[in-house]
Amino acid sequence: MKHMIIPLIALVLVVGFGIYESLSVYNTYKEFEKEIDNLMQLCYAEDLTEEIFADFCDYWTDVREKSEFFLHHNDVYEITLRIGEIKAYVKQKDYDLCVAHLSVIKDLAAYIGHLAIPSFEHVM
């Protein structure tokens, strides 16, 4: 019986960290989607400024640094590239292109959040 305790503790730790990772990534990207929605609303109202977008970029940097530990870098890198593109559109006040790229980022964030929660579909 003593020989079973250490493997059981290890199993509980692995499962616990896995659950934490999944929930953490999922919740982070759900919040990120809400921030994108806020930016899109500002674009529709043509009120998005460079300062507001710079704050969003800082927010993304925090999200990116946390999520790179758990995720494939390609998914995160694609969002980083899109945000870099949007900076130029915000500066030019091209709100239509801002919305288009923000929509792509929102889809990528939803995809990442979806992948974070294990399901039978992911295994097959």
Side-chain angles (χ1 to χ4, degrees):
M1 184 65 177
K2 288 183 181 179
H3 299 293
M4 295 291 291
I5 292 175
I6 292 176
L8 285 175
I9 291 172
L11 178 64
V12 167
L13 287 174
V14 168
V15 170
F17 283 126
I19 291 170
Y20 170 77
E21 172 192 353
S22 294
L23 293 175
S24 176
V25 169
Y26 180 80
N27 291 333
T28 297
Y29 278 87
K30 283 300 167 193
E31 285 298 316
F32 184 64
E33 286 182 63
K34 289 178 187 176
E35 291 295 323
I36 294 168
D37 286 336
N38 293 338
L39 289 180
M40 290 174 79
Q41 291 303 318
L42 289 171
C43 286
Y44 292 133
E46 297 187 354
D47 290 336
L48 182 60
T49 64
E50 290 181 58
E51 293 79 20
I52 293 171
F53 194 73
D55 290 341
F56 174 76
C57 290
D58 292 340
Y59 173 71
W60 166 244
T61 300
D62 291 340
V63 170
R64 186 191 75 214
E65 288 174 354
K66 291 175 187 173
S67 60
E68 282 178 338
F69 183 73
F70 298 115
L71 300 172
H72 295 287
H73 294 302
N74 290 343
D75 298 331
V76 176
Y77 184 65
E78 177 68 25
I79 293 174
T80 302
L81 290 176
R82 296 285 180 159
I83 288 174
E85 286 182 80
I86 294 172
K87 283 181 188 178
Y89 301 138
V90 171
K91 191 172 191 171
Q92 297 170 354
K93 298 189 185 304
D94 191 338
Y95 298 112
D96 291 335
L97 283 174
C98 287
V99 169
H101 283 280
L102 286 168
S103 295
V104 172
I105 292 172
K106 186 174 177 183
D107 287 345
L108 287 168
Y111 175 73
I112 290 170
H114 167 75
L115 287 179
I117 303 297
S119 70
F120 187 71
E121 297 167 343
H122 297 146
V123 176
M124 299 311 272

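Atom set for the values below is all heavy atoms of this structure, side chains included, hydrogens, waters and symmetry mates excluded.
Closest approach of A109 and E33 over heavy atoms only: CB-CG, 3.8 Å. Residue Y26 comes nearest to G113 through the heavy atom pair CD1-O, 3.3 Å, listed as atom of the first residue, atom of the second, then distance.
R82 is not listed as a side-chain neighbour of W60, based on a closest heavy-atom distance of 4.5 Å or more. For the pair V99 and S103, the minimum side-chain heavy-atom distance is below 4.5 Å. Looking only at side-chain heavy atoms (C-beta outward), K66 and T28 stay at 4.5 Å or farther from each other. L39 is not listed as a side-chain neighbour of I86, based on a closest heavy-atom distance of 4.5 Å or more.
Taking a 6.0 Å sphere around CG of L8, one finds it holds more than 12 heavy atoms contributed by other residues, nucleotides or ligands. Heavy-atom neighbours of Y77 OH from other residues, nucleotides or ligands within 6.0 Å: at or below the threshold of 12.
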Quiz item: Passes side chain to side chain contact (heavy atoms under 4.5 Å, CB included), I112 versus I79? Steps please.
Solution: CA-CA 11 Å; I112 290 170; I79 293 174; 3.9 Å; yes
Self-check item: Chi angles and distances behind the side chain to side chain contact (heavy atoms under 4.5 Å, CB included) call for D62, D58
Solution: CA-CA 7 Å; D62 291 340; D58 292 340; 5.7 Å; no
Practice problem: For S67 and Y29, run side chain to side chain contact (heavy atoms under 4.5 Å, CB included): C-alpha distance rounded to whole Å, both residues' side-chain angles, the deciding distance at 0.1 Å, then the answer. | Solution: CA-CA 9 Å; S67 60; Y29 278 87; 3.0 Å; yes
Quiz item: What do the steps show when you test E50 against K91 for side chain to side chain contact (heavy atoms under 4.5 Å, CB included), and what is the final call?
Solution: CA-CA 6 Å; E50 290 181 58; K91 191 172 191 171; 3.8 Å; yes
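To the nearest 0.5 Å, atoms OH (Y89) and CG (D96) are separated by 11.5 Å. To the nearest 0.5 Å, atom CD of residue E85 and atom SG of residue C98 are 11.0 Å apart. The NE2 atom of H3 sits 10.0 Å away from the CD1 atom of I5 when rounded to the nearest 0.5 Å. How far CD1 of I105 is from CD of E35: 12.5 Å, rounded to the nearest 0.5 Å. M4 CE to L11 CG: the interatomic distance, rounded to the nearest 0.5 Å, is 10.0 Å. Atom CD1 in I83 sits 7.5 Å away from atom OG1 in T61 (nearest 0.5 Å).
Hydrophobic clustering (side-chain heavy atoms under 4.5 Å, transitive across Ile, Leu, Val, Met, Phe, Trp, Tyr) keeps Y44 apart from L97. Two different hydrophobic clusters hold L81 and F53 under the rule that ILVMFWY side chains link at heavy-atom gaps under 4.5 Å. Under the 4.5 Å side-chain heavy-atom criterion for ILVMFWY residues, a single connected hydrophobic cluster contains both V15 and L23.
Close placement of the F32 and F56 rings is indicated, their centers lying within 6.0 Å of each other.
Between Y95 and the choices L42, L102, L48, D47, the side-chain contact (heavy atoms from CB on, under 4.5 Å) rule is met once, by L48.
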